[in-house]
Amino acid sequence: MKEEVRWMKTKLSAVGTLFAFGLSFFEGLAYSARMAATPELTVYRTFLAELTAASGPIVQKYFFSQELEVEHKSDHTPVTEADRGAEAAMRKLINERFPTHGIVAEEYGNEHAEAEWTWVLDPIDGTKSFIHGVPLFGTLIGLLYQGQPVLGAIHQPILNLLCVGDGKETTLNGRPTQVRETYSLANATLLTTSLGDDILQIHNPAARQRLLKAAGIVRTWGDCFGYLLVATGRADIMCDGVAHNAWDVLPLVPIIRGAGGVITDWSGGEVGDQKSCIATSPRLHRQAMDLLLT
């Protein structure tokens with residue numbers, strides 16, 4: 001009888017943990033099963049360092065340079081030689097080392113995107129900050145296994161910061177890090193990439209305004225740098241209502257989850273292509289959802 005009670009307590013504790021992370025019971029079970037079935041990632045963690053070593057100096061070379069030339073793509077977003085050069089350097093390494101792997105990336109398109117292992121690259125997430133000499137940007141690198149994000153990195157080469165997560169643990173420059181425990185939105189620091197009207201029109205502006213008003217501090221320390229601040233316990237919520245691309249969000253999933261946080265779209269579902277995104281602690285995620293879903 002005692003053994004049965006102990007078994008039930010263990011099961012209930014596991015279920016409670018899944019709910020605390022803002023996932024439904026079945027979503028939690030599915031995610032745990034995927035992580036348990038993921039092959040050893042050590043070789044890929046080591047390779048991440050090689051990718052950042054190749055891309056970082058290219059980004060550094062052009063940062064705060066008066067010789068930087070800015071072009072605009074068909075969607076009117078800026079692009080520079082730093083974006084293209086950093087991505088090209090990473091693609092070259094991936095193709096040399098793992099020729100059967102796929103690539104999904106912002107500047108040069110996709111290669112074998114349906115491969116079992118696929119790298120997701122955003123050479124400069126936050127190009128608008130980059131071209132103005134503001135270091136609130138980073139290089140995003142993610143690895144998908146059978147379509148699911150299992151490894152992610154945010155590299156800020158100007159500040160020499162490397163945040164890496166695998167869904168179970170997240171580190172900053174090699175040291176474990178966690179989201180911080182803030183008990184109410186009124187005491188929370190909320191970050192977002194932009195407060196402009198063009199952004200507010202994309203995903204439920206009224207809900208976002210409710211959340212912004214509820215937060216204690218609101219700052220536009222955005223793009224991937226905002227998610228780094230949340231994952232390392234320096235801010236509480238990162239909230240974007242924009243329609244993201246895969247390379248903007250998929251590398252963030254293992255980082256936030258590995259730091260003990262929750263990352264979903266504004267309806268509480270999985271993040272992905274053309275969706276909104278919010279990342280925070282389990283406690284604040286529940287409070288934020290109450291406002292976003294009202």
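As the structure is a prediction and not an experimental result, all values here were calculated from the model.
Between Arg45 and Glu50, none of the side-chain N atoms (NZ, or NE/NH1/NH2) sits under 4.0 Å from a carboxylate O, so this pair counts as no salt bridge.
Hydrophobic clustering places Ile131 together with Ile158 (ILVMFWY residues linked when any side-chain heavy atoms are closer than 4.5 Å, directly or through intermediates). No continuous path of ILVMFWY side-chain contacts below 4.5 Å connects Ile124 to Leu136, so the two sit in separate hydrophobic clusters. Cluster membership check: Leu212 shares its hydrophobic cluster with Trp266, using side-chain heavy-atom separations under 4.5 Å among Ile, Leu, Val, Met, Phe, Trp and Tyr. Leu190 is connected to Leu195 through a chain of hydrophobic side-chain contacts under 4.5 Å among Ile, Leu, Val, Met, Phe, Trp and Tyr, so both are in one cluster. Phe225 and Ile256 fall within the same hydrophobic cluster, defined by Ile, Leu, Val, Met, Phe, Trp and Tyr side-chain heavy atoms under 4.5 Å apart, directly or through other members.
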Start with the C-alpha distance between Arg84 and Glu71, add both sets of side-chain angles, then the distance that settles salt bridge (Lys or Arg N to Asp or Glu O under 4.0 Å), and finish with yes or no.
-> CA-CA 11 Å; Arg84 295 186 177 119; Glu71 301 175 27; 3.3 Å; yes
May I have the step-by-step check of salt bridge (Lys or Arg N to Asp or Glu O under 4.0 Å) for Lys275 and Glu270, ending in yes or no?
-> CA-CA 9 Å; Lys275 287 188 175 183; Glu270 296 289 333; over 6 Å; no
Val271 vs Leu252, side chain to side chain contact (heavy atoms under 4.5 Å, CB included): CA-CA, chis, key distance, verdict | CA-CA 10 Å; Val271 295; Leu252 303 172; over 6 Å; no
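Between Thr264 and Ile278, some side-chain heavy-atom pair lies under the 4.5 Å cut-off.
Summarising the local packing, CD of Glu69 is surrounded by 12 or fewer heavy atoms from other residues, nucleotides or ligands at distances under 6.0 Å. Within 6.0 Å of CZ on Phe64 lie no more than 12 heavy atoms contributed by other residues, nucleotides or ligands. Counting heavy-atom neighbours within 6.0 Å of Glu96 CD, excluding the residue itself, gives a total above 12. Residue-environment remark: NZ (Lys73) exceeds the threshold of 12 foreign heavy atoms within 6.0 Å.
A ring-ring contact (aromatic ring centres under 6.0 Å, His included) with Phe137 holds for exactly one of Tyr227, Phe63, Trp221; it is Phe63.
Aromatic ring pairs are classed by plane angle as parallel below 30°, tilted from 30° to 60° and perpendicular above 60°; the pair Tyr44 and His101 is tilted.
Between Phe47 and Phe98, the distance separating the two ring centers is shorter than 6.0 angstrom.
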